[in-house]
Structure formats: structure tokens, C-alpha cells
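Have a look at the structure below, then the notes.
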There are 2 protein chains.
Amino acid sequence: MMRPLRRELMFQLVETARLLRTYVDQRARQHGTTRAQWGVLSRLRRAEGLNQAALAEQMDLQPISLTRLVDRLEQQKLVERREDAADRRVRLLHLTPEGRELVEGLDTVRGEIAGEVLAGVDDAAIVMALETLGTIRDRTRPQRDERAQAARAAGRAA
Amino acid sequence: MMRPLRRELMFQLVETARLLRTYVDQRARQHGTTRAQWGVLSRLRRAEGLNQAALAEQMDLQPISLTRLVDRLEQQKLVERREDAADRRVRLLHLTPEGRELVEGLDTVRGEIAGEVLAGVDDAAIVMALETLGTIRDRTRPQRDERAQAARAAGRAA
DNA sequence: CCCATCTCATAAGCCTGCTTATGATATGGA
DNA sequence: TCCATATCATAAGCAGGCTTATGAGATGGG
């Protein structure tokens with residue numbers, strides 16, 4: 001096993017996350033939803049009335065990815081798109097009563113899963129892992145400001 | 001921010017891995033491939049001549065997921081499926097010369113990425129993160145042995 | 001005021017994962 | 001030997017990411 005530590009961590013991070021994603025998806029399915037949709041509902045509960053662009057940015061998702069998630073949530077009547085009187089392009093997202101009820105139930109499940117999966121791991125280890133993940137996240141996160149600046153600069157130059 | 005540590009880690013793990021996956025995909029694309037396909041090539045280099053079931057198990061992937069990855073790799077002439085004289089159901093996987101060349105070049109890239117993304121993080125933190133990930137991985141990994149045993153037991157009972 | 005430019009949402013098309021199901025082949029016990 | 005069962009690979013169909021492209025509407029500098 002000569003694999004250097006840093007490469008090993010890259011590898012394990014992606015693999016572990018995939019396993020965890022699948023695991024959480026199975027749990028979510030027992031409640032008739034999916035991990036990704038659950039994520040949208042959760043955020044929406046804490047910040048209702050967001051438009052899709054703002055929510056996508058908050059979730060580090062491409063707007064089109066969120067559009068399709070919301071399509072499915074809307075079909076299931078868990079989320080509503082409402083018009084914005086001030087800007088006819090935007091759609092403001094609201095939970096329906098059913099959506100609110102579902103997400104509140106799921107909150108319990110999230111806690112259960114975290115307990116199962118991390119039982120016996122002490123807080124110090126979790127804090128350290130969070131820090132390391134934060135570093136990775138910052139270095140791989142798409143730099144939206146820079147991207148927008150670059151686009152503007154290119155526009156100016158052209 | 002009252003979010004408990006363990007829930008926060010679950011969340012950050014999945015989000016960070018997604019960002020990393022996308023980042024690595026972009027790098028892989030510069031070499032004309034994808035992260036997932038690269039993964040297959042890497043494993044194959046270290047264990048050529050595996051059949052698909054064995055490789056899927058090693059990668060914690062469902063066989064069908066691997067089948068389609070291999071389809072694309074075969075189309076690109078990076079991998080070959082060969083018949084097994086001893087069992088006509090199985091296909092043995094081999095790298096082509098082009099496949100071997102590609103994966104050897106990519107090895108450098110993997111090291112580069114690990115360095116960029118984890119620069120300044122000390123070894124102790126990486127070891128701890130690996131340990132925590134290992135715990136999660138073990139608890140979320142599908143238990144193939146148990147599953148197979150359950151299937152056998154069900155068979156016997158029926 | 002008007003037009004170039006930006007932004008919001010979405011479409012099209014791709015990759016990769018999953019579950020469920022199926023056909024071909026192997027295998028082991030009666 | 002023969003049949004029930006298991007295993008290997010794959011198909012169908014879905015979810016959820018992505019890139020690239022487009023139309024509608026907002027906005028600001030000239």
C-alpha cells in the first residue's frame with residue numbers, strides 16, 4: 001500500500017460520499033422522497049420565498065440542476081413556484097403545507113442517520129474532519145464572483 | 001447556527017465530495033476522459049483480467065453501473081472485453097495499449113490535484129479524516145455477504 | 001429613449017449512479 | 001441425469017449532476 005495519504009483521501013472522500021448518498025437515498029425513499037429533494041425542502045424551510053437563482057447559488061448547484069429538482073417537487077405538490085410582482089423573470093419558491101409537513105418529519109431522520117453512521121466517533125475527530133473538508137470545499141468550489149467578473153471583463157474587451 | 005456537529009459533517013461530506021467530483025471531472029476532461037472512467041482504468045491497471053462482477057464488487061458499484069462504464073471505455077478502445085474459456089457467461093477486462101498509456105499519464109494528474117486541494121493540511125489531519133471516513137464507509141457500505149446469505153436463506157426457506 | 005448586455009429560468013443532451021427485471025450459463029443435490 | 005437455484009452480464013427506466021444554448025425580461029450608458 002504505497003498510496004500517498006493525500007491521494008488516498010481524495011479517493012476515499014468521493015467513494016465514501018457516494019456510499020453515504022446511496023444510503024441516505026434509501027432512507028429518504030422510505031419516506032417517499034430523495035436526498036436531493038430533501039435538501040431543497042430543508043433550505044426552503046429556513047429561507048422561504050427565495051428565487052431559484054439565489055437558492056442554486058446557496059446550494060452550489062447550477063441553476064438548471066435546481067430547475068429540474070423543483071420540477072419534481074412541484075409535480076408532487078411539495079413546493080410552489082410563485083410569480084414575483086417586481087420581476088417577471090423570477091419564480092419565488094414556497095413550501096406547500098404538505099412540503100412543510102414532510103420536511104419536518106425528515107428532520108428526525110437526519111439526526112438518526114448521523115447518529116448511526118458516526119456513533120463512537122468523538123467530537124474532536126468530527127471537528128477535524130469538518131475542517132479538512134472545508135479546505136477542500138473552498139479550493140474546489142466554483143468561484144462565481146470571479147467567473148462573473150471574467151464574463152464582465154470579456155464583455156468589456158469585446 | 002445550532003446545527004449539531006454530526007449532522008453538519010454528513011452534509012458537508014456529501015457537498016464537498018460533489019464539488020470535488022466536478023472539479024476532478026473538469027481536469028479529467030482536459031485529458032479526454034471522466035473521473036468514473038479513470039477509476040476503472042486505474043483499478044484495471046493494478047488487476048488486469050478481472051471479470052466485471054469482481055471489479056464491480058471491488059469498486060462497490062452495482063454490476064450494471066460498471067457495464068455501462070465499460071461500454072464507453074470499449075467504444076473508445078481503451079478497454080477490451082475478452083471471453084473466458086472456462087465460463088461463457090463472463091467477460092474478462094483488459095486495458096488496450098492506448099488505455100494503459102492514458103492511465104499512466106493520468107497518474108501524474110491525480111498527484112497534482114491532491115497537492116492543490118490539500119496543500120497546507122498536515123498529515124495528522126489527513127490521517128484523522130481518513131479514519132472518520134473509514135468509519136462512515138464501513139457503516140454505509142452495502143453488506144454483500146449478508147445480502148448473499150439472506151438470498152440463500154430465503155431460497156432455502158422457499 | 002434605445003440598444004447592448006446581463007440575468008433568470010429553462011431546454012437539449014450527456015454521464016453516472018440506482019432499482020428492478022431478464023436471458024444465458026453453471027452448479028449442486030435428488 | 002435433470003431441475004431448481006445462483007451467478008454473470010445486460011436492458012429498461014429513473015434521478016440528479018453537468019455543459020452549452022436560448023428566449024424573455026431587466027437595466028444602464030450613450
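Predicted model, so just to flag it, every value in this text is computed and none were measured. Quick note on labels: first sequence line is chain A, next is B, and so on, each numbered from 1. Only this structure's heavy atoms are used, side chains among them; waters, hydrogens and symmetry mates stay out.
- Checked against D:dG16, D:dT19, C:dC8, the side chain of A:V90 finds its nearest nucleotide in C:dC8.
- Out of D:dG17, D:dT19, C:dG17, the shortest distance to the side chain of B:A36 is found at C:dG17.
- Using a 4.5 Å cut-off on side-chain heavy atoms (C-beta onward), B:V121 and A:I136 make no contact.
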- How far apart are the C-alpha atoms of A:E48 and A:R100, what are their side-chain angles, what is the distance that settles it, and do they pass the side chain to side chain contact (heavy atoms under 4.5 Å, CB included) test? CA-CA 11 Å; A:E48 204 151 351; A:R100 188 177 312 282; 2.9 Å; yes
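- When side chains are defined from C-beta on, B:E116 counts as touching B:Y23, because their heavy atoms get closer than 4.5 Å.
- If you measure from atom CD of A:E57 to atom P of C:dA9, you get 12 Å, rounded to the nearest angstrom.
- Side-chain N or O atoms of B:R18 include one that pairs as donor or acceptor with a backbone N or O of A:D60 at under 3.5 Å.
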- Before giving the answer on side chain to side chain donor-acceptor pair (under 3.5 Å), spell out for B:R110 and B:S42 the whole-Å C-alpha distance, their side-chain angles and the decisive distance to 0.1 Å. CA-CA 11 Å; B:R110 197 201 309 274; B:S42 287; 2.7 Å; yes
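- Using a 4.5 Å heavy-atom threshold, the side chains of B:L9 and A:L133 count as touching.
- Between atom CZ of residue A:R137 and atom OG1 of residue A:T135 there is a gap of 12.0 Å, rounded to the nearest 0.5 Å.
- Within 4.0 Å of B:T34, counting heavy atoms only, lie sugar-phosphate atoms of the nucleic acid but no base atom.
- Spacing between atom CG of B:L92 and atom C1' of D:dA9 amounts to 12 Å, rounded to whole angstrom units.
- With hydrogens and angles ignored, the 3.5 Å screen pairs a side-chain donor or acceptor of A:D25 with a backbone N or O of A:R35.
- For A:Q37, whose side chain is taken as the heavy atoms from C-beta onward, the closest listed nucleotide among C:dA9, D:dA15, C:dT16 is D:dA15.
- For the pair B:R91 CZ and D:dT10 P, the computed distance is 7 Å after rounding to whole Å.
- Counting non-hydrogen atoms under 4.0 angstrom, B:N51 reaches the backbone sugars and phosphates but no base.
- Within the 4.5 Å cutoff, the side chain of B:R81 has heavy atoms near those of the B:L93 side chain.
- Taking every side-chain heavy atom of B:R35 into account, C:dG17 is the closest of D:dC18, C:dG17, D:dT10.
- Residue-level contact check: A:L66 touches neither bases nor backbone, having no heavy atom under 4.0 Å from any strand.
- Rounding to whole angstrom units, CD of residue B:Q75 and C1' of C:dC15 are separated by 12 Å.
- Comparing the start and finish of the helix from C:dC1-D:dG30 to C:dA30-D:dT1, five pairs each, the helix axis swings through 0°, to the nearest 10 degrees.
- Side-chain contact between B:M59 and B:S65: absent, with no pair of heavy atoms (C-beta onward) separated by less than 4.5 Å.
- Here B:Q62 does not reach the OP1 or OP2 of D:dT10: none of its side-chain N or O atoms lies under 4.0 Å away.
- Each of B:D71 and A:R72 lies near DNA chain D, and the nucleotide nearest B:D71 is the one positioned closer to the 5' end.
- Comparing A:S65 and B:I64 against DNA chain C, the residue whose closest nucleotide sits nearer the 5' end is A:S65.
- The CD atom of A:Q26 sits 16 Å away from the C1' atom of D:dG16 (whole-angstrom rounding).
- Ranked by how close their nearest DNA chain C nucleotide is to the 5' end, A:R68 and A:R18 are led by A:R68.
- Rounded to whole Å, the distance from CZ on A:R81 to C1' on C:dC8 is 12 Å.
- Nucleotide D:dT10 holds its P atom 8 Å from the CD atom of B:E74, rounded to whole Å.
- Remark: P of D:dT10 and CG of B:L55 are 13 Å apart, rounded to the nearest angstrom.
- Neither OP1 nor OP2 of C:dT7 sits under 4.0 Å from any side-chain N or O of A:Q52.
- Residues B:L66 and B:L55 form a side-chain contact, since some pair of their non-hydrogen atoms from C-beta on lies under 4.5 Å apart.
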Write down the protein N/O and nucleotide N/O pairs, taken from nucleotides 26-29 of chain D, whose separation is under 3.5 Å; answer none if there are no such pairs.
residue: D:dA26; atom: OP1; partner: A:R88; partner atom: N; Å: 3.0

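- The base of D:dG17 lies outside donor-acceptor range of the side chain of B:R21, with no N or O pair under 3.5 Å.
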